Each structure stands twice: as C-alpha cells, then as structure tokens.
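Just follow the structure's listing: the first ligand is 1, and inside any ligand the first atom is 1. Small disclaimer: the values here were computed from a predicted structure and weren't measured.
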Amino acid sequence: MDYISTRGSAPALDFEGATLAGLASDGGLYVPREWPRFSEQEIASWAGLPYAELAAKVMAPFVEGSLTEERLLELTTQAYGRFAHDAVTPLVQLDSQQWLLELFHGPTLAFKDVALQFLGLLFEEFLGRSDRNLTIVGATSGDTGSAAIDAVAGRAKVDIFMLHPKGRVSDVQRRQMTTVLAPNVHNLALEHASFDDAQAIVKRMFNDKGMTDRFAIGAVNSINWARLMAQVVYYFAAGLQLGAPGRKVAFSVPTGNFGDVFAGYVAAQMGLPIERLIVATNVNDILHRALAEGDYSQGTVTPTAAPSMDIQVSSNFERLLFDLGGRDGGALAEQMAGFEATKAMKLTNAQREGASALFSSARADADEMASTIRWAYEHCGELIDPHTACGLFAARSAGIGAGIPVVTLATAHPAKFPEAVERATGQRPTLPTRVGDLFEREERYASIAGEYGAVAAFVAEHASPKV
Ligand SMILES: Cc1ncc(COP(=O)(O)O)c(C=O)c1O
Ligand SMILES: N[C@@H](CCOP(=O)(O)O)C(=O)O
C-alpha cells in the first residue's frame, strides 16, 4: 500500500514512510492511494474475535509492505494488553436504540490511547530499522498530549514536545501530561493561545527547512495517518457486535479535528454498512456549519466544558474534501490555500452532496450538554463526560429510524472532567486507580509565548539531531 498527499505534489510513501513523516511535505495529509474493501463474508467471519486480532485483520491492508501479518498481530496484542477492560472498547446499552462505545479504558482515559498505544510501538519498530532520531511535535487540547506522552515516554530515539493552550485544559488533563518527568518529554504551555494556534505552529514546523534539515519532525496528532487507521478498528468492533454486516449501524461522534469521525468514513469505504455518521460539535461548530450550510469559516474559539473539542480548524476535514472532490490534489491545494489566506471557505456542490450522503451534524450548547449528562445518569445510571454528552445529544436528536442501533463514541472518562459532571448530576466521578496519585505528583512544564519563534527555539535547543 502506498500513501499520497491530499495536496498532490509530495512524493508517495509506503506505510513506514508515511508514519514517520506525519505531515506531507506539500502541507497535505497522507491517505492510502485507494481504500481497501472487504467482502461481507470476510467481515462476518471476524465476529467474536478478540480486539487485538480484529485490529490486525482490519489494519493488514494498510501496512502491507512495512509489517508482516505476524508482526502486526504481535504489536496489536502488546498495545491492547495495557487496557483495563478485556473487550478494550466495550459497548454499553442505554435504551432500546442508543449505545455507548466506551473508548476510555486505556492508560490515560480517553479514546486517543486506542491509536497512540499502537503508534508508540510503530515508532519503536520503524526507528529500530535505522539510525534516525525522531522529534515529535504535537498540539493538544487535552487528551492527545497525555496519550502520546504515555506512549513514548522513556523510549529511545524519540523526543516529544507537546504544546497545550495554557489554562484551557482540565486539571486532570494537564497533570496527566506534566507529571511525566521522563527526560525525552517536554510540555509547553502556550500563553494566550488556543488549540488552533498550537496546531498551526506544529504544521508550520513541518515546513520550516531550518528545522527539518536538522531534525526529523514527526507527528502524533491525527494528521498522522497511522492514528486514524487504528481508530477504524473500533467501528468494526462495535458494528460486528450489533449485527453487521447483516445490519446497518449509525454512529454519533463527538468531533473536533475530524479524525475520529473520518475513521468511521474509512470503515464505511472498507465495507462496514454504516447508516449515518453524525458529527457532534460543541459551540465551536465549524464542522456543523460546514456540513449543514457549506460554510467552513474559522470563527474564534470559545472555551467550553468539553475543552478537547474547542477547535475551529479541523485538520482531517481536508481528507474528506479530497475524497469527495474526486481526489484532485491540485484543486484541493488551491482550495486550502484560499482557506489559509482568508480563514473561510465555501464547500463545492459536489463536496456538499457527497458529504450529505453519509454525514449529518448537530451542535450542543452548554445547557444541552448538561441536560444530556443528566439524562444519561437519571435514565441509564451512566456518568458520561461532556464530550460524550455532545455525541449523545446529537444521537438522540438525529431521527435515525427505529431498528437501527445508534452508537455514540464515549471518548473520555467522566473523571477527566469532574466539575462539569458533578454540576449536572450531583455525582463526582472518581479517577480509576490506574492513573494513581495524579494530584500528589510533581509537575514540570515550560510556559512560553504562543508564537512560532518561541516554540521553534525551544525545540531546537532541546531536541536530538536527526542522526
Ligand atoms: C474527549 C474527546 N472527544 C472528542 C474529540 C474530538 O475528536 P477528533 O478531534 O478526532 O474529532 C477529542 C479530541 O479531539 C477528545 O479529546
Ligand atoms: N482533542 C485533541 C486535539 C485534536 O487532536 P488530534 O490529535 O486528534 O488531531 C486533544 O485532546 O488533544
């Protein structure tokens, strides 16, 4: 399998190359040259497989040429061995139609662990084949940071620099990053910045020749194809449990950077019968506006009780636009250059119609999030976090036909956001013992200006050269 850039002019790479490259050199995102497709029979034959085995089946076509099937299974077994639930991503039934897919049983309590535990092992595998050091530069609105740090802390040949918007992540989220004191981990709190600012700094570094000549810059955000690939698996896991491929399933996905829901789109391209993908946003609703009205314009970021979704530039939307626009990299490069210059973009008719065939969207405000948290607790006895609440709000208002299960992706453990959950339900969720004495540990991070020069200087001073 080889990988091409959404902007058409970067060289095609194999899976190993795309994983280590992160972002394409033309500023685009890597996607497989074509979507592999499984037959109904093949999908049906996976029912009942343990998660790690299913993961190896689903991901096999994407890693061809870079990993043998045996090695892939060894890596998935190791990655998912660290999850606190044997099913890895268990399903919980809420009522006759609504389900939750719990994606927070990994070490850092959010769905990011599902891909990042695996990606950490991929980095080790591929870096072990050369004498190269990798300098990971990532942006986080709270969850990617801790999951990535957990996945690479203490590993040889990797330094990680994680940028978060100062004061805009929860205390639990911050401490999960800043209390990891391994020497290869560097947390940067960006002053007066949003996640979008942090993400823009990261992307700029990939195209800064002064930096890329000296350092092999790598990505752990969902701009890295390997992240999305690993997230495709749990759509198959949930679908199979609910009767796929013989029955369609709808998914509601709390969305920010459009990575998780794009993984659902990939599952559909690969043959999983998906009735609908519901894109759920908080009031930072660029994706809802884009899907409902064709208006992809940035707007300012409003802090909410679901801080990890406080995003107004959704990187992976580019991957969808590429596919829906007939995979014309030149045309998309122009469209994206327009967006980067003006912070606004109108979707073409083809993009709007293509998207509406599978996607719908909804936006939850603060009251809707709180009332959904309350509903889940009072009617189903479940404590859910504010991100999951956006998804469940959208799921319950989507009007999906009776008989079709609707699965909301429960993307974070409620104890990551105890204040919001307690306000809505009167119950304060407790941290699972696997995160240990988080509030007793020493924190270490650098506060720096939220601008490119300051971040680049910090990275240049602390990173190991490429070789
Ligand atoms: C808890 C949580 N839910 C949902 C999202 C949105 O996921 P995505 O960015 O893949 O759309 C994020 C982060 O982005 C998150 O951390
Ligand atoms: N919600 C994320 C930000 C988006 O990051 P990505 O790694 O999924 O692209 C976070 O919590 O950091």
Side-chain angles (χ1 to χ4, degrees), residues 22-23 29 101-104 106 108-116 119 136-149 151 160 162-165 168-170 172-174 176-177 187 194-200 202-203 219-228 230-232 234 251-266 277-282 284-288 301 304-320 359 361 364 369 384-392 394 408-417 420:
L23 193 70
L29 304 179
L101 180 62
E102 292 186 347
L103 300 175
F104 51 70
T108 69
L109 314 181
F111 77 100
K112 312 285 179 171
D113 288 321
V114 180
L116 281 160
L119 183 58
I136 294 170
V137 184
T140 185
S141 52
D143 292 320
T144 296
S146 56
I149 287 169
I160 184 164
M162 188 50 66
L163 283 46
H164 72 267
R168 294 205 188 183
V169 300
S170 78
V172 174
Q173 288 178 314
R174 190 194 67 252
Q176 283 182 308
M177 299 189 277
N187 278 292
S194 66
F195 169 80
D196 290 344
D197 300 322
Q199 182 166 237
V202 168
K203 286 183 173 173
V220 283
N221 283 105
S222 55
I223 52 177
N224 191 323
W225 163 256
R227 273 277 312 273
L228 300 193
Q231 291 173 211
V232 174
Y234 46 70
F251 292 91
S252 180
V253 189
T255 306
N257 225 1
F258 205 75
D260 213 6
V261 73
F262 188 78
Y265 172 81
V266 175
L277 288 170
I278 304 159
V279 173
T281 72
N282 61 23
N284 297 294
D285 62 353
I286 184 169
L287 288 166
H288 174 52
V301 178
T304 72
S308 305
M309 286 160 52
D310 293 347
I311 296 176
Q312 288 278 33
V313 179
S314 295
S315 291
N316 289 288
F317 200 52
E318 175 166 347
R319 286 184 161 117
L320 181 69
F359 293 91
S361 65
M369 272 192 258
I384 61 169
D385 95 289
H387 305 78
T388 305
C390 293
L392 185 57
T408 295
L409 273 51
T411 48
H413 193 288
K416 283 192 125 170
F417 309 95

Take every heavy atom of Ser141, measure it against each atom of ligand 2, and state whether any distance is under 4.0 Å.
yes
Over 60° means perpendicular and under 30° means parallel, so classify the ring planes of Phe317 and Phe258, tilted if in between.
perpendicular
State the atoms of ligand 2, each with its element, that fall below the 4.0 Å cut-off from a heavy-atom position in Arg227.
6 (P), 7 (O), 8 (O)
By number and element, which atoms of ligand 1 are closer than 4.0 Å to a non-hydrogen atom of Thr255?
6 (C), 11 (O)
Determine whether the side chain, the backbone, both or neither of Asn257 has a heavy atom under 4.0 Å from any heavy atom of ligand 2.
side chain
Report, in ascending order of atom number, the atoms of ligand 1 lying under 4.0 Å from any heavy atom of Gly259.
8 (P), 10 (O), 11 (O)
Below 4.0 Å from ligand 1: does a non-hydrogen atom of Phe262 turn up there or not?
no
In Å, rounded to the nearest 0.5 Å, how long is the span from OG1 of Thr255 to CZ of Phe262?
13.0 Å
Is the closest heavy atom of Gly142 to ligand 2 under 4.0 Å?
yes
May I ask you to list the atoms of ligand 2 that are less than 4.0 angstrom from any heavy atom of Thr140?
10 (C), 11 (O), 12 (O)
Give the numbers and elements of all ligand 2 atoms closer than 4.0 Å to a heavy atom of Thr144.
2 (C), 5 (O), 6 (P), 7 (O), 8 (O), 10 (C), 11 (O), 12 (O)
Ligand-side contact atoms (ligand 1) for residue partner Ala412, heavy atom cut-off under 4.0 Å
1 (C)
For ligand 1, which atoms have a heavy atom of Phe258 less than 4.0 angstrom away?
8 (P), 9 (O), 11 (O)
Value for CG (Asp310) from CG (Asn284), rounded to nearest 0.5 Å, stands at 4.5 Å
Anything under 30° is parallel, anything over 60° is perpendicular, the rest tilted; go ahead and classify Phe104 against His413.
perpendicular
Under the side chain to side chain donor-acceptor pair (under 3.5 Å) test against Asp143, which residue among Lys416, His387, Lys112 passes?
Lys416
Sub-4.0 Å heavy-atom contact, Gln199 with ligand 2
no
Within the structure, is a non-hydrogen atom of Met309 found at a distance of less than 4.0 Å from ligand 2?
no
The reported gap from CG in Asn282 to OG in Ser308 (rounded to nearest 0.5 angstrom) is 9.5 Å
Quick note on ligand 1: atoms under 4.0 Å from a heavy atom of Gly256 include exactly 6 (C), 7 (O), 8 (P), 9 (O), 11 (O)
Do any nitrogen or oxygen atoms of Ser308 come within less than 3.5 Å of a nitrogen or oxygen of ligand 2?
yes
Out of Thr408, Leu409, Val253, which residue meets the side chain to side chain contact (heavy atoms under 4.5 Å, CB included) rule with Leu101?
Leu409
Would you tell me which option among Phe258, Phe111, Phe195 has the nearest heavy-atom contact to atom 4 (C) of ligand 2?
Phe195
So which heavy atom in the protein is nearest atom 14 (O) of ligand 1, and how far is it from that ligand atom?
Lys112 NZ, 3.1 Å
For atom 4 (C) of ligand 1, grab the closest protein heavy atom and report residue, atom and distance to one decimal in Å.
Pro254 O, 3.4 Å
Do Ser315 and Gln199 have side-chain atoms, one donor and one acceptor, less than 3.5 Å apart?
yes
To the nearest 0.5 Å, how far apart are CD1 in Ile149 and CD in Gln176?
10.0 Å
Check Ala280 against Gly391 and note the closest heavy-atom contact, atom names and distance.
CB-CA, 3.7 Å
Polar contact flag, side-chain donor to acceptor under 3.5 angstrom, Asn316-Tyr265
no
re atom 11 (O) of ligand 2, the protein heavy-atom contact at minimum distance is Asp143 N, 2.6 Å
Starting from atom 8 (O) of ligand 2, which protein heavy atom do you reach first, and at what distance in Å?
Lys112 NZ, 2.8 Å
Nearest to atom 9 (O) of ligand 2, what protein heavy atom do you find, and at what distance?
Ser222 OG, 2.5 Å
Side-chain donor-acceptor pair under 3.5 Å between Asp196 and Gln312, yes or no?
no
Once rounded to the nearest 0.5 Å, what's the spacing between atom OG1 of Thr140 and atom CZ of Phe195?
7.0 Å
Distance to 0.1 Å, residue and atom name: give those for the protein heavy atom nearest to atom 10 (O) of ligand 1.
Asp260 N, 2.8 Å
Nearest non-hydrogen contact to atom 8 (P) of ligand 1 from the set Asn257, Leu409, Asp385, Asp143 belongs to Asn257
Record the part of Phe111 in heavy-atom contact with ligand 1 below 4.0 Å; permitted values are side chain, backbone, both and neither.
side chain
Trace of the side chain to side chain contact (heavy atoms under 4.5 Å, CB included) decision for Leu392 with Ile384:
CA-CA 9 Å; Leu392 185 57; Ile384 61 169; 3.9 Å; yes
Which residue and heavy atom of the protein sit nearest atom 3 (N) of ligand 1, plus the separation:
Thr411 OG1, 2.8 Å
Which value, rounded to the nearest 0.5 Å, describes the distance between Ser314 atom OG and Leu320 atom CG?
11.0 Å
Which of the numbered atoms in ligand 1 are below 4.0 angstrom from a heavy atom of His387?
1 (C), 2 (C), 3 (N)
